[in-house]
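If you're wondering where the values come from, they're calculated on a predicted model, not measured in any experiment.
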Amino acid sequence: MSDTAPPGPGDELRADCARCVGLCCVAPAFAASSDFAVDKPAGRPCPNLGDDFRCGIHRDLRARGFAGCTVFDCFGAGQRVTQVTFGGRDWRTTPGEATRMFDVFAVLRPLHELLWYLTQAAALTGPGPLRVELDAALAQTRRLAAGTPDQVLAVDVDAHRGRVNPLLVRVSEQARGERAGADRRGAVLVAADLRRADLVGANLRGAVLLGADLRGVDLTLADLTGVDLRGADLRGADLRGALFLHQSQVDAARGDHRSGLPAALTRPAHWSLPVVAARRRSAGPAVRGRRR
């Protein structure tokens, strides 16, 4: 999307770096690890951030040791802080507001994440009392996110999340219904071999599946709220009907052309290509130009 393109439906909760001022590259701290190649304290710009607020190594983040950057999702909070809350101002030209801008971003990011979950939940819920409660929670969360900087900073995000989460749990239970499966909430399954596990309709909220082997697993109706899928092997897995799966979780995992994804999500570029496609790519223009 260009800098001048008007926002479209759903853009409120989709990160648009062209309308932000690199807040995720400045506000958070990160430590040198397998996710980040260097240490960076909170409030200091990443050394890869350019004068135009763009990442100078965006195409090579994984190869350069910044895989953590590729899986971060602000859920649209960055452009709200930049374009709405602070009216187009940025932390470089108005350094006196930098700290407050970063602090507001730290509140709006989880609020936007809650908005994303509530929107997903509303799409799963038909007319009735639960939908009425969801709509009210959506409206309240939008009001909190639309406040002035001082109003946003006064929001108790943890308390609000505590009120919203029971609604999301009820939606999950209703959506899974009679197909509800194993309850593995918060389970630590690091590097676990789950290829033979029955996870259809499973409750995996908050589970840690770091490096888990999920090849070929059917995750239809599995609740993946907050599941850590970093390095998880999703080759051949079916996630088309998974609940509350968002793009950053998919970006953090490994997969291939057989992995089934919801229509709203994009297959990550680092996922392996099918053998035929890979061979055609390596063959070069001579193969692509061959007549049949």
Side-chain angles (χ1 to χ4, degrees), residues 1-8 10-95 97-113 115-116 210 228-232 246-255 261 264-273:
M1 183 179 297
S2 69
D3 291 318
T4 58
D11 285 345
E12 171 195 23
L13 305 177
R14 184 182 300 117
D16 183 357
C17 298
R19 301 172 70 84
C20 183
V21 288
L23 292 175
C24 66
C25 304
V26 186
F30 52 73
S33 63
S34 59
D35 289 327
F36 300 101
V38 298
D39 290 312
K40 188 194 81 65
R44 179 182 297 176
C46 172
N48 299 308
L49 184 66
D51 292 339
D52 59 354
F53 300 114
R54 300 292 177 266
C55 176
I57 61 168
H58 180 71
R59 294 181 181 276
D60 302 308
L61 281 168
R62 288 182 178 275
R64 300 281 290 272
F66 288 86
C69 297
T70 69
V71 300
F72 178 82
D73 193 341
C74 76
F75 294 94
Q79 66 257 28
R80 179 189 283 273
V81 173
T82 302
Q83 302 297 335
V84 181
T85 316
F86 285 86
R89 300 190 297 279
D90 70 74
W91 49 270
R92 279 188 176 137
T93 57
T94 55
E97 292 210 79
T99 298
R100 195 161 68 133
M101 186 175 287
F102 302 153
D103 290 343
V104 167
F105 178 68
V107 175
L108 277 180
R109 192 270 174 193
L111 283 179
H112 267 236
E113 183 177 18
L115 280 172
W116 185 88
L210 184 69
D228 187 345
L229 288 172
R230 286 178 297 165
H246 58 74
Q247 187 66 50
S248 62
Q249 288 173 297
V250 172
D251 291 342
R254 299 158 51 205
L261 292 176
L265 301 187
T266 302
R267 193 174 304 275
H270 69 276
W271 282 18
S272 57
L273 295 169

Worksheet item: Out of curiosity, Ser34 OG to Arg230 CZ, how far, rounded to the nearest 0.5 Å?
Response: 7.0 Å
Worksheet item: Would you say the side chain of Leu261 lies within less than 4.5 Å of the side chain of Trp271, judging by non-hydrogen atoms?
Response: yes
Item to complete: Quick one: closest heavy-atom pair of Glu12 and Leu115, and the distance?
Response: OE2-CD1, 3.9 Å
Worksheet entry | Flag if over 12 foreign heavy atoms under 6.0 Å of NE2, His270 | yes
Discussion item. Angle between ring planes, His246 versus Phe75, binned at 30° and 60°: parallel, tilted or perpendicular?
Written reply: perpendicular
Worksheet item: Does Cys46 reach the side chain of Phe36, with side-chain heavy atoms less than 4.5 Å apart?
Response: no
Worksheet item: Looking at CE of Met101 and CZ of Arg89, how far apart are the two atoms once the value is rounded to the nearest 0.5 Å?
Response: 6.5 Å
Item to complete: Enter the distance from Thr85:OG1 to Gln83:CD here, rounded to the nearest 0.5 Å.
Response: 10.0 Å
Discussion item. So Trp116 and Asp73, do their side chains get closer than 4.5 Å, heavy atoms only?
Written reply: no
Worksheet, complete the sentence: Distance col, row Thr70:OG1 vs Leu61:CG, nearest 0.5 angstrom, shows 6.5 Å
Discussion item. To check you understand the geometry: which heavy-atom pair defines the closest contact between Ala67 and Arg62, and what is its length?
Written reply: CB-NH1, 4.1 Å
Discussion item. So that I can tick it off, tell me whether Arg54 and Asp52 are bridged by a salt bridge, with the cut-off set at under 4.0 angstrom between side-chain N and carboxylate O.
Written reply: no
Response to the item:
With sequence neighbours left out, the residues meeting salt bridge (Lys or Arg N to Asp or Glu O under 4.0 Å) with Asp251 are none
Discussion item. Counting C-beta onward and ignoring hydrogens, is there a side-chain heavy-atom pair between Thr82 and Arg19 closer than 4.5 Å?
Written reply: no
Worksheet item: Which pair of heavy atoms, one from Ala32 and one from Ala37, lies closest together, and at what distance?
Response: CB-O, 4.2 Å
Worksheet entry | CZ/Arg92: more than 12 non-hydrogen atoms of other groups inside 6.0 Å | yes
Item to complete: Taking all heavy atoms of Ile57 and all of Arg64, pick out the closest pair and write down the distance.
Response: CG2-NH1, 3.4 Å
Worksheet, complete the sentence: Taken to the nearest 0.5 Å, the spacing of Gln79 CD from Asp16 CG works out to 5.0 Å
Item to complete: Check whether any side-chain heavy atom of Trp91 sits under 4.5 Å from a side-chain heavy atom of Leu23, and report yes or no.
Response: yes
Worksheet entry | Residue pair Leu111 / Leu108, side-chain heavy-atom distance below 4.5 Å | yes
Worksheet item: Can you name the closest pair of heavy atoms from Ala42 and Ala29 and give their distance?
Response: N-CB, 3.4 Å
Discussion item. I'd like to know if the side chain of Lys40 reaches the main chain of Pro28, judged simply by a donor and an acceptor atom lying under 3.5 Å from each other, with no hydrogens or angles considered.
Written reply: yes
Item to complete: Give the intermediate values and the outcome of side chain to side chain contact (heavy atoms under 4.5 Å, CB included) for residues Phe66 and Val38.
Response: CA-CA 9 Å; Phe66 288 86; Val38 298; 4.0 Å; yes
Discussion item. If you count heavy atoms of other groups shown closer than 6.0 angstrom to CZ of Arg44, is the number above 12?
Written reply: no
Worksheet item: Which value, rounded to the nearest 0.5 Å, describes the distance between Phe53 atom CZ and Cys25 atom SG?
Response: 10.5 Å
Item to complete: Kindly indicate, with the supporting measurements, whether the criterion side chain to side chain contact (heavy atoms under 4.5 Å, CB included) is fulfilled by Val104 and Phe86.
Response: CA-CA 10 Å; Val104 167; Phe86 285 86; 4.0 Å; yes
Practice prompt. Kindly write out the residues that satisfy salt bridge (Lys or Arg N to Asp or Glu O under 4.0 Å) with Asp90, not counting sequence neighbours, or none if the list is empty.
Written response: none
